[in-house]
2 protein chains.
Amino acid sequence: MTVRLLLADDEHLIRGALAALLALEDDLVIVAEAATGPEALAMARAHAPDVAVLDLQMPGADGVKVATSLRAELPGCQVLIVTSHGRPGHLKRALAAGVRGFVPKTVSAQRLAEIIRTVHAGNRYVDPELAADAISAGDSPLTAREAEVLELAADGAPVAEIAERAALSQGTVRNYLSSAVSKLGAENRHTAVRLARERGWV
Amino acid sequence: MTVRLLLADDEHLIRGALAALLALEDDLVIVAEAATGPEALAMARAHAPDVAVLDLQMPGADGVKVATSLRAELPGCQVLIVTSHGRPGHLKRALAAGVRGFVPKTVSAQRLAEIIRTVHAGNRYVDPELAADAISAGDSPLTAREAEVLELAADGAPVAEIAERAALSQGTVRNYLSSAVSKLGAENRHTAVRLARERGWV
DNA sequence: ACATCCCTCTGACATTTGTCATACGGAGTG
DNA sequence: CACTCCGTATGACAAATGTCAGAGGGATGT
């Protein structure tokens with residue numbers, strides 16, 4: 001039984017190389033390739049692959065967003081996310097979106113082929129190390145608003161701008177930032193942003 | 001004439017796939033692979049390749065650092081940097097370190113093989129788009145100290161800590177930050193850090 | 001010799017952030 | 001119903017940051 005694959009990665013070099021390697025496996029066949037999120041979606045619609053191997057970061061829409069749409073449109077298509085930067089939060093988001101597999105790019109092609117088969121068989125596979133990280137990072141202690149405000153603060157915007165963009169009063173914004181900072185044990189909003197990013201909470 | 005290659009990339013999947021693809025070219029042969037900077041250096045010493053294909057971001061020491069050491073120890077070995085994130089400053093640093101080629105991972109394997117040959121022949125190759133970015137980004141307007149202080153401010157440390165780490169008075173640190181911020185046209189130190197990072201000035 | 005730049009510092013001031021207390025309405029829970 | 005969160009807000013105060021003017025010393029270039 002052959003497994004029909006969709007391969008999506010914005011790096012042509014990687015995608016091509018990966019395609020070549022996976023094609024060496026007798027039971028795997030690549031039916032489509034894509035370089036962006038929307039393209040991946042279009043390709044999936046056109047070819048209805050058994051398994052979609054998606055890079056986490058792509059222009060247009062990231063792997064998790066694509067996965068969400070895919071779940072709705074092609075329930076028979078299993079999604080496997082491959083990523084360079086394994087942040088705990090990404091894994092959580094991905095699983096919530098119905099992704100069946102999540103692996104770092106540090107695995108070998110051999111392993112990847114096995115994992116593709118695992119996912120195709122309807123099982124799940126999550127890289128043990130990433131899983132451990134996700135568990136030890138735990139749940140976000142931030143409320144929805146706190147996370148939102150922290151996110152808006154991420155690029156160094158002043159309180160006034162955050163307040164405007166979030167349609168809140170400046171005082172409220174400062175309250176949220178303050179509580180986020182203390183919950184994260186940070187010294188100021190900027191280290192708080194960094195910590196939250198590392199744990200994948202924003 | 002065959003070209004003997006060293007391949008260094010921390011992502012096993014990518015490295016393996018790349019190796020497989022490049023091995024298809026008759027005149028290219030991979031004599032060594034490495035997953036970290038130090039490992040790349042050790043491998044280069046052991047195998048004295050003609051061309052070293054290095055990922056820009058690797059654990060241990062980045063591609064440019066490895067290139068610098070390589071220039072000194074193995075002048076006959078040409079260095080080609082491959083990267084996902086093409087920041088202008090990286091290109092500049094790389095060229096200063098004697099790197100002969102600089103390409104994004106979006107090129108095809110076919111192109112990469114050609115570029116490897118170009119570099120091996122003693123010519124240079126820089127991706128046109130990255131080159132354009134680097135030129136438009138221009139030179140850093142920051143003085144050495146300003147850049148240093150800005151770098152220390154990058155992870156959100158308070159002025160007191162920056163001052164201590166740079167062995168400067170707090171007032172001086174604030175002066176440098178202030179002038180860096182105004183030179184970069186930023187609103188505050190944090191957006192300044194972001195801007196400088198984007199242009200590769202830190 | 002002079003001008004110009006960078007590095008370093010100080011002191012003063014305005015602005016922005018961070019913290020805290022307090023308040024009110026809504027949602028959910030016991 | 002009382003209790004506890006969360007979201008939202010205000011006001012006040014302390015601390016950090018941003019800005020400016022000025023000043024001395026070293027290096028470099030004309």
Side-chain angles (χ1 to χ4, degrees), chain A residues 89 92-93 96 137-202, chain B residues 89 92-93 96 137-202:
Chain A
K92 189 160 295 190
R93 274 203 310 139
D139 270 349
S140 171
L142 304 176
T143 69
R145 281 313 231 180
E146 284 163 359
E148 185 186 338
V149 167
L150 198 57
E151 180 126 41
L152 287 171
D155 52 358
V159 170
E161 192 181 318
I162 300 172
E164 197 185 351
R165 292 218 269 164
L168 289 173
S169 88
Q170 301 197 6
T172 304
V173 169
R174 294 202 297 189
N175 287 152
Y176 286 157
L177 285 176
S178 183
S179 88
V181 164
S182 81
K183 280 179 179 175
L184 295 174
E187 292 186 339
N188 56 47
R189 66 167 81 174
H190 304 285
T191 62
V193 166
R194 191 164 48 75
L195 287 174
R197 276 217 193 298
E198 281 169 13
R199 292 166 171 65
W201 292 337
V202 295
Chain B
K92 188 161 292 190
R93 276 203 308 139
D139 269 351
S140 172
L142 304 176
T143 69
R145 279 314 230 179
E146 284 164 0
E148 185 185 337
V149 168
L150 198 56
E151 180 125 40
L152 287 172
D155 53 357
V159 170
E161 194 181 317
I162 300 172
E164 195 184 355
R165 291 218 270 163
L168 289 174
S169 89
Q170 301 197 7
T172 305
V173 168
R174 292 199 295 178
N175 287 152
Y176 287 157
L177 285 176
S178 184
S179 87
V181 164
S182 79
K183 280 179 179 176
L184 295 174
E187 294 188 337
N188 56 47
R189 67 168 78 176
H190 304 286
T191 61
V193 166
R194 192 165 46 79
L195 288 174
R197 276 217 193 297
E198 281 170 13
R199 292 165 173 65
W201 292 336
V202 294

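Hydrogens, waters and symmetry mates are skipped; everything else that's a heavy atom, side chains included, is used.
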*asked:* With side chain to side chain contact (heavy atoms under 4.5 Å, CB included) as the test, pick out the partner of B:V149 among B:L177, B:N175, B:L142.
replied: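 Exactly one option meets the side chain to side chain contact (heavy atoms under 4.5 Å, CB included) with B:V149, and it is B:L177.
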Rounded to whole Å, please give me the gap between [atom1] in [X] and [atom2] in [N].
{"X": "B:I162", "N": "D:dA16", "atom1": "CD1", "atom2": "C1'", "value": "11 Å"}
{"X": "A:L168", "N": "C:dT17", "atom1": "CG", "atom2": "C1'", "value": "17 Å"}
{"X": "B:N188", "N": "D:dA16", "atom1": "CG", "atom2": "P", "value": "17 Å"}
{"X": "A:L150", "N": "C:dT17", "atom1": "CG", "atom2": "C1'", "value": "14 Å"}
{"X": "B:E148", "N": "C:dC6", "atom1": "CD", "atom2": "P", "value": "16 Å"}
{"X": "A:K183", "N": "D:dC5", "atom1": "NZ", "atom2": "C1'", "value": "10 Å"}
{"X": "A:E146", "N": "C:dT19", "atom1": "CD", "atom2": "P", "value": "13 Å"}
{"X": "A:L177", "N": "C:dT19", "atom1": "CG", "atom2": "P", "value": "10 Å"}

_Heavy-atom donor-acceptor pair, A:N188 side chain to B:P158 backbone, under 3.5 Å_ =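 No; zero donor-acceptor contacts below 3.5 Å.
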[N] phosphate, OP1 or OP2, under 4.0 Å from [X] side-chain N/O:
{"X": "A:T143", "N": "D:dG7", "answer": "yes"}
{"X": "B:R145", "N": "C:dT8", "answer": "yes"}
{"X": "A:Y176", "N": "D:dA9", "answer": "no"}
{"X": "B:S169", "N": "C:dT8", "answer": "no"}
{"X": "A:R174", "N": "C:dT16", "answer": "no"}

*For A:V159 and for B:Q170, locate the closest nucleotide of DNA chain C by heavy-atom distance; then report the residue assigned to the nucleotide nearer the 5' terminus.*
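Taking each residue's closest nucleotide, the earlier one in sequence belongs to B:Q170.
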Just wondering, do [Y] and [X] contact through their side chains at under 4.5 Å, heavy atoms?
{"X": "B:V193", "Y": "B:L150", "answer": "yes"}
{"X": "A:I162", "Y": "A:R189", "answer": "yes"}
{"X": "B:R145", "Y": "B:T172", "answer": "no"}

*Report which part of the nucleic acid B:N175 touches: base, sugar-phosphate, or nothing (heavy-atom distance under 4.0 Å, all strands).*
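Since a base atom lies under 4.0 Å of B:N175, the category is base.
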